[in-house]
Amino acid sequence: MTQPSAAACGAPGPDEHPTMADRGWLAVACRLAAEHPAAGNGLSAGVVVVADDGTELARGHSGEGSPVHAEQAAFGTLTAAETRLSGATVYSSLAPCARRPGGVRPCAELIRDSGVRRVVTALRDPEGAVSAGDGAGLLESAGITVIELPEYGRAAMKPNRRTP
């Protein structure tokens, strides 16, 4: 699988049909996860938030023992004045969570309330690893387009493999 640079990806697709740009941005998210492998029982994920003109707005990752999820890290870098989220696409190597313990806001709610229009992910529920509910379903019920590109599943799960 070719690993494009973020600058070479281009503008996200306009609808539920994935484009080459969508594939490129998802590859960037998967590469970000690979650069920060999982530790302990956590999962490694990478997220890139891209405006409809192809401008990268934010990126984040989880892994390496951090309790912060990738979506939380990415959206935490955005200011309240960011107006381009309404047309943005979120690229996430793993589908966002729908529940979090301890009163922490779930990633799917964070995405839903941000106003983004699309989410592109490699895996909805990787082999039962996402025990925190159906984040993709929550997003779809809010009218957000969710696209799964399973051909990136191996890249998304690689940093999450546990070694004995």
Side-chain angles (χ1 to χ4, degrees), residues 1-38 43-64 66 68-79 81-98 106-126 129-130 134-140 142-160:
M1 181 179 328
T2 304
Q3 297 291 320
S5 69
C9 293
D15 53 28
E16 72 277 3
H17 303 290
T19 64
M20 289 305 294
D22 290 325
R23 288 175 170 78
W25 283 113
L26 185 56
V28 171
C30 290
R31 187 171 61 236
L32 187 58
E35 292 169 358
H36 304 279
L43 290 173
S44 177
V47 167
V48 184
V49 182
V50 181
D52 62 357
D53 67 358
T55 302
E56 182 178 320
L57 301 176
R59 64 172 55 196
H61 64 82
S62 58
E64 300 176 320
S66 172
V68 176
H69 287 197
E71 295 87 349
Q72 183 183 13
F75 279 92
T77 67
L78 297 169
T79 67
E82 180 55 69
T83 60
R84 295 176 287 176
L85 286 174
S86 64
T89 298
V90 172
Y91 297 92
S92 182
S93 60
L94 300 178
C97 65
C107 297
E109 288 182 12
L110 183 67
I111 293 170
R112 176 196 65 201
D113 296 345
S114 74
V116 302
R117 63 184 175 89
R118 296 169 79 235
V119 173
V120 178
T121 186
L123 295 171
R124 284 183 176 249
D125 187 0
V130 180
D134 182 14
L138 186 149
L139 294 169
E140 288 172 328
I144 296 170
T145 299
V146 178
I147 300 166
E148 182 180 10
L149 298 178
E151 63 266 31
Y152 290 87
R154 177 174 275 168
M157 286 308 296
K158 187 174 182 179
N160 294 297

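We number each residue from 1, following the sequence as shown. The shown structure was predicted, so the numbers you read here are calculated from the model rather than taken from an experiment.
- To the nearest 0.5 Å, atoms CD (Glu140) and CD1 (Ile147) are separated by 10.0 Å.
- Residues Ala108 and Leu139 approach most closely at O-CD2, 3.3 Å, considering heavy atoms.
- Here OG of Ser114 is found 10.5 Å from CD of Glu82. Values are rounded to the nearest 0.5 Å.
- Using a distance-only test at 3.5 Å, with no hydrogens or angles considered, no donor-acceptor pair links the side chain of Trp25 to the main chain of Val49.
- Residues Leu110 and His69 form no side-chain contact, since every pair of their non-hydrogen atoms from C-beta on lies 4.5 Å or further apart.
- Nearest heavy atoms, Pro37 versus Ala34: CD-O, 3.8 Å.
- With hydrogens and angles ignored, the 3.5 Å screen pairs a side-chain donor or acceptor of Ser44 with a backbone N or O of Ala33.
- Expressed to the nearest 0.5 Å, how far OG1 of Thr77 lies from CZ of Arg59 amounts to 10.5 Å.
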### Task
List the steps and the verdict of side chain to side chain contact (heavy atoms under 4.5 Å, CB included) for Val90 and Val47.
CA-CA 7 Å; Val90 172; Val47 167; 3.9 Å; yes

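- Side-chain atoms of Thr121 come within 3.5 Å of backbone N or O of Ser92 as a donor-acceptor pair.
- In terms of heavy atoms, Arg112 sits closest to Ile144 at CA-CD1, 3.6 Å.
- Considering only heavy atoms from C-beta on, Asn160 comes within 4.5 Å of Leu94 through its side chain.
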### Query
Under the side chain to side chain contact (heavy atoms under 4.5 Å, CB included) criterion, do Tyr91 and Arg118 qualify, and how do the steps go?
CA-CA 9 Å; Tyr91 297 92; Arg118 296 169 79 235; 4.0 Å; yes

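- Counting all heavy atoms, side chain and backbone alike, Ala155 lies closest to Cys30 at CB-CB, 4.0 Å.
- With hydrogens and angles ignored, the 3.5 Å screen pairs a side-chain donor or acceptor of Ser62 with a backbone N or O of Leu43.
- Minimum interatomic distance between Ala73 and Gly60 (heavy atoms only, all atoms of both residues): CB-CA, 4.0 Å.
- The structure places NZ of Lys158 at 15.5 Å from OH of Tyr152, a figure rounded to the nearest 0.5 Å.
- Between the CD atom of Glu71 and the CD1 atom of Ile111 there is a distance of 5.0 Å, given to the nearest 0.5 Å.
- Judged as a side chain to side chain contact (heavy atoms under 4.5 Å, CB included), and not counting sequence neighbours, the contacts of Arg117 are Pro12, Asp52, Thr89.
- Scanning for side chain to side chain contact (heavy atoms under 4.5 Å, CB included) contacts around Ala51 gives Asp53, Thr55, Leu57, Arg84, with sequence neighbours left out.
- Annotation: side chain of His36 is not in contact with side chain of Pro159 (no heavy-atom distance under 4.5 Å).
- Closest heavy-atom contact between Met157 and Leu123: CG-CD1, 3.3 Å.
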